[in-house]
2 protein chains.
Amino acid sequence: MLRQNDPREISPHGEGLVKGVAVDPVIFGFHEGRLKVLIIEHTNTGLYALPGGYIQEKEDLDEAAKRILTMRTGLSAVYLEQFHVFGKYDRNDAGVVRQILIGQGFSPAEEHWSLQRFISVGYYALVDYTRIELTPDPTTGRCEWFEFDQIPPLILDHRLIIDKALATLRINLDQLLIGFNLLPELFTMGDLHTLYETILDKKLLSTNFQRKMLSLGILERIEKKKTGKAHKAPYLYRFKSTT
Amino acid sequence: MLRQNDPREISPHGEGLVKGVAVDPVIFGFHEGRLKVLIIEHTNTGLYALPGGYIQEKEDLDEAAKRILTMRTGLSAVYLEQFHVFGKYDRNDAGVVRQILIGQGFSPAEEHWSLQRFISVGYYALVDYTRIELTPDPTTGRCEWFEFDQIPPLILDHRLIIDKALATLRINLDQLLIGFNLLPELFTMGDLHTLYETILDKKLLSTNFQRKMLSLGILERIEKKKTGKAHKAPYLYRFKSTT
DNA sequence: AGAATAGTGTCTCTAAGACATTATCGC
DNA sequence: GCGATAATGTCTTAGAGACACTATTCT
């Protein structure tokens, strides 16, 4: 099986790949009170993009997204959900894609399929920042975390994809209770509080926030954590898995 | 410009069309307290399906969905929203598609692109049943309203697409206040009440429902409607357009 | 003791649920 | 008046917001 970031995948003929459709995952992380997004810098180009990939002929769309994500992050069990398809007919930019291919050592023909029209399926993923090992890939480019408000200009409509991903995350955060996927297994109420405030970009009174979270009955209180700091030690919580 | 349901569109070469991607709109209507869906019967096959179509090379995905919808319903301004992409690699069934093409008088080659893998973008539309003129199309097949709980078995994964569409509609009904798109311009509180009960499939106390709707400030009360029935005449309401 | 953060208790206000009451129409 | 449905009023309850108060840890 070819790896997604194997240069042969994007070779002149693109055997074994579905043409005209790409998968672009927006991978969210959370660390020290900051929302992060995983961005790739394409080798020798200075061009930043989402760590996207293509679909293999005998692979479900969801599996393709999962494979690409695992390759980038090294994690297999993460929260991953499709949220939107981007299908403007002129959203691809042959000049930019050509630049990327050249940066990888290819000289794509005029008619190369990756220069043609593309539809992109957007996924968003929530990962535990502390368990991530970024997989370096000298051919495609380095993957790096960026703080959400420090993301550099991106190619094509990738910025639009990220914004739509965050909008979807905001809507689903309360409904689907998916925020826990951004935290380590054990976390404090303060961690969770900061996470919610960061994603929703608004203040939440900690007292009411705690009451609401506890009333959901999905948190398991562990023991006090000795932080070594000069204040009361917080409890640790674990997210109760599906009962 | 070729019409979507022009047989040439699905001709051996499919010039001018994006290959490997289809658009399948789930068109909802509401009449006499029943939720309806528009289903096509492919000519000479007895096969039922969503009234889907293909995307033209120079056409945005959203425009393609709009074009297909307008073609089927005769309406141009309707609520239309993308909700999910269906991308299982084996979701297409060459045997079924071949049957459909044969029913239209074609003998597709083994390698015909429409027999290959397909990704389908699901849209759902809310239309005013009273303003619909179904566009008959002898080549593709007749389009007809079915009550939601009387939909016949459909080809491929179209039943799954419909179920996901309804699930999305249920979630968005309260949030996005889109139910009005299923009603005529003027309607009674009872109409709206029945609509909500039907879509959400649960009883709502009419008194509380009315209070909630009125408190939203999006309804304009017109005058009493004389129904000729032996009871108090209800008010008519109009949905306040964006102020 | 005092600073700093964690966690609890409680008052208020709003919105939802349940149900009683009044209004209007045609017979 | 009577049956039927529309519309309003109001009591109760659940949850959100605001804020005062207590608890724990280290210096």
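Defining each end axis of the helix from dA1(C)-dT27(D) to dC27(C)-dG1(D) as the rotation carrying four pairs' C1' atoms onto the next four, with five pairs an end, the two axes are found to diverge by 20° to 10 degrees.
Exactly one of Trp145(B), Phe28(B), Phe187(B) qualifies for a ring pair (Phe, Tyr, Trp, His ring centres under 6.0 Å) with Tyr129(B). That residue is Trp145(B).
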Could you go over nucleotides 3-5 of chain C and give all protein N or O partners under 3.5 Å, atom names and distances?
residue : atom : partner   : partner atom : Å
dA4(C)  : N3   : Ala230(A) : O            : 3.4

Exercise. Quick one, give me the B/S/- string for nucleotides 11-20 of chain D, reading 5' to 3', where B means a protein heavy atom under 4.0 Å from the base and S means that only happens at the primed atoms, P, OP1 or OP2.
Key: -----BBBB-
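Atom CG of Leu214(A) and atom C1' of dA6(C) are 12 Å apart (whole Å). When the P atom of dA16(C) is taken as reference, atom CE of Met213(B) falls 10 Å away, rounded to whole Å. In this structure, the CZ atom of Arg221(B) is 6 Å from the P atom of dA7(D), given to the nearest Å.
Leu134(A) and Glu144(A) make their closest contact through CD1-CA, 4.1 Å (heavy atoms, listed as atom of the first residue, atom of the second, distance). Minimum interatomic distance between Tyr124(B) and Asn172(B) (heavy atoms only, all atoms of both residues): OH-ND2, 3.2 Å. Minimum heavy-atom separation, Gly141(B) to Arg72(B): O-NH1, 4.4 Å. Summarising the geometry of Leu177(B) relative to Phe180(B), their closest heavy-atom pair is O-CD1, 3.5 Å, with the distance given to 0.1 Å. The two residues Arg170(A) and Asp201(A) have their closest heavy-atom pair at NH2-CB, 3.7 Å.
Under the salt bridge (charged side-chain N to carboxylate O under 4.0 Å, His left out) criterion, the residue pairs touching residues 146-156 of chain B are Arg34(B)-Glu147(B), Lys36(B)-Glu147(B), with sequence neighbours excluded.
Taking the ring centroids of Phe83(B) and Phe83(A), they lie at or beyond the 6.0 Å cut-off. You'll find the ring centres of Phe118(A) and Tyr54(A) inside the 6.0 Å limit. Centroid-to-centroid, the aromatic rings of Phe209(B) and Tyr196(B) come within less than 6.0 Å.
In this structure, Lys66(A) does not pair ionically with Asp62(A), as no charged nitrogen and carboxylate oxygen lie closer than 4.0 Å.
Contact annotation: Gln210(B) side-chain N/O to dT8(D) OP1/OP2 distance is under 4.0 Å.
Phe30(B) is linked by a ring pair (Phe, Tyr, Trp, His ring centres under 6.0 Å) to nothing, counting only residues two or more places apart in sequence or in another chain.
The stretch residues 183-198 of chain B does not touch DNA chain C, since none of its heavy atoms comes less than 4.0 Å from the strand.
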Quiz prompt | Test log, rule salt bridge (charged side-chain N to carboxylate O under 4.0 Å, His left out), inputs Lys240(A) and Glu220(A) | solution = CA-CA 6 Å; Lys240(A) 273 191 206 165; Glu220(A) 190 182 350; over 6 Å; no
